[in-house]
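All chains are named by letter (A, B, ...) in the order of the sequence lines, taking the proteins before the strands, and each is independently numbered beginning at 1. From a predicted model like this one, the values you see are computed outputs, not experimental measurements.
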Amino acid sequence: MELLGYIFQQCINGLQLGAVYALIALGYTMVYGVLRLINFAHGDIFMLGAFIAYYLLSRFTLPIYVVFVLTMICTALAGYIIEKVAYKPLRNAPKISLLITAVGVSLFLEYFLSLKAVFTPNYIAFPRPFEVEAFDLSLFTITNVQLIIFSITGVSLGLLYLLVYKTKQGTAMRAVSYDKEIASLMGINIDATVSLTFIVGASLAGVGGILYGIAYPQINVFMGVMPGIKSFIAAVLGGIGIIHGAVLGGFIIGLSEVFVSAFLSSTFRDGVIFVILFLVLLLKPTGIFGKRIDKV
Amino acid sequence: MNALEVEGLEKSFGGVKAVDGISFVVEEGKTVGIIGPNGAGKTTVFNLITGFYRVDRGRILFYGKNITRTQPYKLPHLGIARTFQNLRLFSNLSVFENVLSAILKKDGYNVVSSVFRTADYFMKEGKAEKKARELIEFFQLSGKENYPANNLPYGEQRRLEIARALALQPKILLVDEPGAGMNPREVQDLLQTLREVKERFSLSIVIIEHQMGLVMNISDKVVVMDFGEKIMEGTPGEVKKDKRVIEAYLGEEFI
Amino acid sequence: MNFFWEARKVILLSVLIYLSVKAIFFFGYVSQYIEQITLYALIVILASLGLNVIYGYTGQFSLGHAAFYGIGAYVSAYLTKIFSIENIFAYIPILFISGAAAGLIGYLIGIPILRLRDDFLAIATLGFGTLVRVLLDNSDKFSEVFGGSRGFVGIPRLTTFELAFVIVIFLILITHNLIYSRYGLFWRCIKNDELASASIGINTFSMKLMAFTYGCFLAGIGGALYANLYTFLHPSNFDILKSIDFLIIVIVGGMGSIAGTIYAGLIWVGFIEGLRIVLPAEVVDLRWVFIPLLLIALMMWKPYGLMTKSRN
């Protein structure tokens, strides 16, 4: 029974981490859908979210729901600006140039924010917006932090679903992702749709950043790098460009990471994720939900 | 002797049959034209023969040898060369390098020779360069050897692509819509070039064409395709008179 | 031998450069530090040349080049330390073994990942780079010698100016000969159009693998020379930022230009290390704020690289 309880406990922990990855992976997958770009700076938007929340909580002691809204607005704005300034001028450039630019944006954000005059290169403690309470359910325990993460992730996913499948803008997003040229011929405003995609992706990453800060209360300007890469892998695993694929991929990656740490060694935690990536790329490069494409 | 035999070739894309049971034979030294309206599956047939698409069903024989599902890069070594409908030159490489690459692929030296510049390297390079110049001259591209391929006018790019294919010394040449995007004068030039190629290099040719005029003038036999199927086969004279062919082309320009 | 006859101009030029550099060192116009960074520049040029073969000539984008540089460095550090190598002639075989180890790993990792294209290849190579970094950080778990995240200490100092100079010139010549042979031509064909390359009979996969393996081999030799120059290694010397360093040199020098890589390598090392002399440490730390901006500006200004001819 003890082992079973342990496994259950690790599942809960894995789902907690997976929820954060899922929120980040959505931004990757949506941007890849409309621009065919791996937005390397997306992990840094997530980091930005955690830092903004940190300042709002520690300097202004705002209520947590206000912090959520303000953080989302700020990260959305950051995503919007990055797209307009760095990516838009390269819309017709070779793919790799766009990718190198994205890497540049990512490095810039990290090192600019790590300056002592801006944030700090050191780890800082994320303030607890509320006391942690654990509920003992005999087999395993669940904390109020975990419950909050699950419910906020659930609400975010629900809103995203409504946006993508029930609104005109969402339809435009899907159309651009399907075929940019045809979408443009049908009178869809490509620029506005791309901007909207960045805004939505960045605000989800902002939410992810706050949740991460609450769950793992140590933040640092480089904290977005590994979760960013892992979330991208999650998006590839689920099938890049597919929204529910990103969510499933996020949870799989989160669970694998937690289980490897629990049963093998936390040393191999990151290694296993890359092994998953290599396996997916080799066996089914289009991911779990992707369809096989046969073309010259 | 049959250079190429295609038997009951089938290929579907997502449930749609692009090629549905095509069979035809190319006799050695003959020119076969494949015609049909847009979307009839002509290019798909080429991509199946040259291994760029995986064959669903059917067989392809080259001089009696089964080459179905052979990887594309192996076919030039057997003697099959092709051109592409939408021109695939090495656009940043020079005209000379475009032709040279194919010759050196056919007849080259090993890594040790490259690194240490052995006698073999100089001999093979010298031979290849000489041959490349000959081909460039034959295709009237002399004086443009050092131009990047994408700086040539369209008609010359078409000729360069054929020159590159012939540099492989193939037994059969598959030409995909060589007249696409050309004006009538350029088409006439191309026709003349293809006739000379046939005489000089003594090979079999399969030519896909949308413009019937071009094919009729050069082919010994014409295969007509529509909706992935072969609707008839015969000499250019027979095809011109056939009712089904005229129907298939109805609404299309008919030269 | 034809090899030397063909390369006579380069060899002559190298001897001249060698003598003048040696004279400058001899008369003591420069500090030990400058001598060290001159050596470092040679190493960086070699590793960047490897990336240029992979990316500049063959068009296979890699964000994990520093990993192969690191593998070469750690292999050489390990071998020279456990065998306590002091003799330079015993060191040369180790140098090539280190390069071969990096090349072999490049070959093995290339088999799965070189089927991928552009951005997927980028993420796979980045993944591999991160994996190597994690392994190096935990390397003390395999053997105490490696030092894990504390760093690898006490490596014999064997890299001399003469050795590095001869090795680098020799490898540049070999690279030149490869690039100006049918293999280099096929690499460039693949960069231009993989499908067309297959249509003229080029086995694109094995040619890409060859370029990747060779590029990793060069990085490995560079890493080995680095290890035995600085006598101390730390996993953080081989992370993505180092890969970006190589990438910038290849892009600034012009993709597909040997001379460009040499100039850009010299300028880059001179610039970064020069800043260290001129400016206080806090300001030098700012460089990772400006380098990404430089990278972005380069991409916007010339998306195809600096010294390559622009497309029409």
Side-chain angles (χ1 to χ4, degrees), chain A residues 28 32 36-38 40-41 85-87 89-90 92-118 121 225-226 229-230 232-233 235-236 240 265-283 285 296, chain C residues 55 59-61 63 109 111-113 115-124 126-135 137-139 141 148 194-195 198-199 239-241 243-244 247-248 251 255 282 285-305 311:
Chain A
Y28 275 112
Y32 193 89
R36 300 285 180 271
L37 161 74
I38 300 175
F40 267 94
V85 174
Y87 302 154
L90 285 165
N92 297 316
K95 229 173 162 181
I96 292 297
S97 303
L98 195 58
L99 191 73
I100 293 173
T101 306
V103 174
V105 171
S106 163
L107 290 173
F108 173 74
L109 285 176
E110 287 159 19
Y111 285 87
F112 180 69
L113 297 181
S114 78
L115 293 180
K116 293 210 176 65
V118 187
V225 179
M226 284 313 283
I229 295 175
K230 286 176 191 165
F232 176 75
I233 294 173
V236 173
I240 190 98
S265 152
S266 59
T267 309
F268 301 114
R269 199 177 60 191
D270 298 340
V272 167
I273 307 304
F274 285 108
V275 172
I276 293 180
L277 172 70
F278 288 134
L279 288 179
V280 174
L281 291 178
L282 276 185
L283 302 176
V296 164
Chain C
Y55 176 45
Q60 306 304 304
F61 188 62
L63 275 179
I109 200 78
I111 292 173
I113 69 175
R115 290 167 210 279
L116 307 169
R117 255 163 236 205
D118 299 340
D119 40 7
F120 279 82
L121 182 60
I123 206 86
L126 175 70
F128 178 71
T130 315
L131 202 61
V132 168
R133 171 76 206 271
V134 170
L135 285 176
D137 267 330
N138 294 289
S139 55
K141 298 201 174 73
E194 270 194 47
L195 225 63
S199 86
D239 61 2
I240 175 157
L241 294 181
S243 295
I244 301 275
L247 188 63
I248 290 174
I251 293 169
M255 289 177 254
E282 307 88 72
D285 286 342
L286 277 174
R287 72 184 191 279
W288 279 107
V289 177
F290 291 105
I291 290 169
L293 291 179
L294 171 75
L295 203 57
I296 297 170
L298 272 176
M299 286 301 112
M300 297 207 178
W301 179 39
K302 284 230 167 147
Y304 295 94
R311 291 178 188 217

K.L.:
Examine whether an atom of A:R269 lies under 4.5 Å from a heavy atom of chain C, and if so say whether it belongs to the side chain, the backbone or both; otherwise answer neither.
P.N.:
neither

K.L.:
Between A:V236 and chain C, which part of the residue has a heavy atom less than 4.5 Å away: side chain, backbone, both or neither?
P.N.:
side chain

K.L.:
At what distance, to the nearest 0.5 angstrom, does OG of A:S97 lie from CZ of C:F61?
P.N.:
9.0 Å

K.L.:
Restricting to non-hydrogen atoms, name the atom on C:M300 and the atom on A:A86 that form the minimum distance, rounded to 0.1 Å.
P.N.:
CE-O, 3.3 Å

K.L.:
Side chain, backbone, both or neither: which part of A:L277 has a heavy atom under 4.5 Å from chain C?
P.N.:
side chain

K.L.:
What do the steps show when you test C:I244 against A:V103 for side chain to side chain contact (heavy atoms under 4.5 Å, CB included), and what is the final call?
P.N.:
CA-CA 9 Å; C:I244 301 275; A:V103 174; 3.3 Å; yes

K.L.:
For the atom pair CD1 (A:I229) and CD1 (C:I240), what is the distance rounded to the nearest 0.5 Å?
P.N.:
6.5 Å

K.L.:
Side chain, backbone, both or neither: which part of A:V118 has a non-hydrogen atom closer than 4.5 Å to chain C?
P.N.:
neither

K.L.:
If you define the side chain from C-beta out and look only at heavy atoms, does anything of A:I100 sit under 4.5 Å from C:L247?
P.N.:
yes

K.L.:
If you count heavy-atom pairs under 4.5 Å with chain A, which of C:V134, C:L293, C:L135 comes out on top?
P.N.:
C:L293

K.L.:
Is A:V225 in contact with chain C via its backbone, its side chain, both, or neither, using a 4.5 Å heavy-atom distance?
P.N.:
neither

K.L.:
Heavy-atom distances under 4.5 Å only: say whether C:L241 touches chain A with side chain, backbone, both or neither.
P.N.:
side chain

K.L.:
Mind checking whether A:Y32 and C:F120 have parallel, tilted or perpendicular rings, split at 30° and 60°?
P.N.:
perpendicular

K.L.:
Is there a side-chain contact between A:T101 and C:L295, using heavy atoms and a 4.5 Å cut-off?
P.N.:
no

K.L.:
Using non-hydrogen atoms only, which part of C:F128 is less than 4.5 Å away from chain A: side chain, backbone, both, or neither?
P.N.:
both

K.L.:
If I compare all heavy atoms of A:M226 with all of C:T130, which pair ends up nearest, and what's the gap?
P.N.:
SD-CG2, 3.7 Å

K.L.:
Between A:L99, A:L115, A:I96, A:I38, which shows the greatest number of heavy-atom pairs under 4.5 Å with chain C?
P.N.:
A:I96

K.L.:
Does the side chain of A:F40 come within less than 4.5 Å of C:L63's, by heavy atoms?
P.N.:
yes

K.L.:
Quick one: does A:R36's side chain get under 4.5 Å of C:D118's, heavy atoms only?
P.N.:
no

K.L.:
With only heavy atoms counted, which part of C:L294 is less than 4.5 Å from chain A, the side chain, the backbone, both or neither?
P.N.:
neither

K.L.:
Please enumerate all residues that pass side chain to side chain contact (heavy atoms under 4.5 Å, CB included) together with C:A124, with sequence neighbours excluded.
P.N.:
A:F278, A:L281, C:I113, C:L116

K.L.:
Counting only non-hydrogen atoms closer than 4.5 Å, can you tell me which residues of residues 106-113 of chain A sit against chain C?
P.N.:
A:L107, A:F108, A:Y111, A:F112

K.L.:
Could you pull out the closest heavy-atom pair between A:G104 and C:P292, with the gap in Å?
P.N.:
O-CB, 3.1 Å

K.L.:
For a quick test of reading the model, state the closest non-hydrogen atom pair linking A:L90 to C:M299 and the distance between them.
P.N.:
CD2-O, 3.5 Å

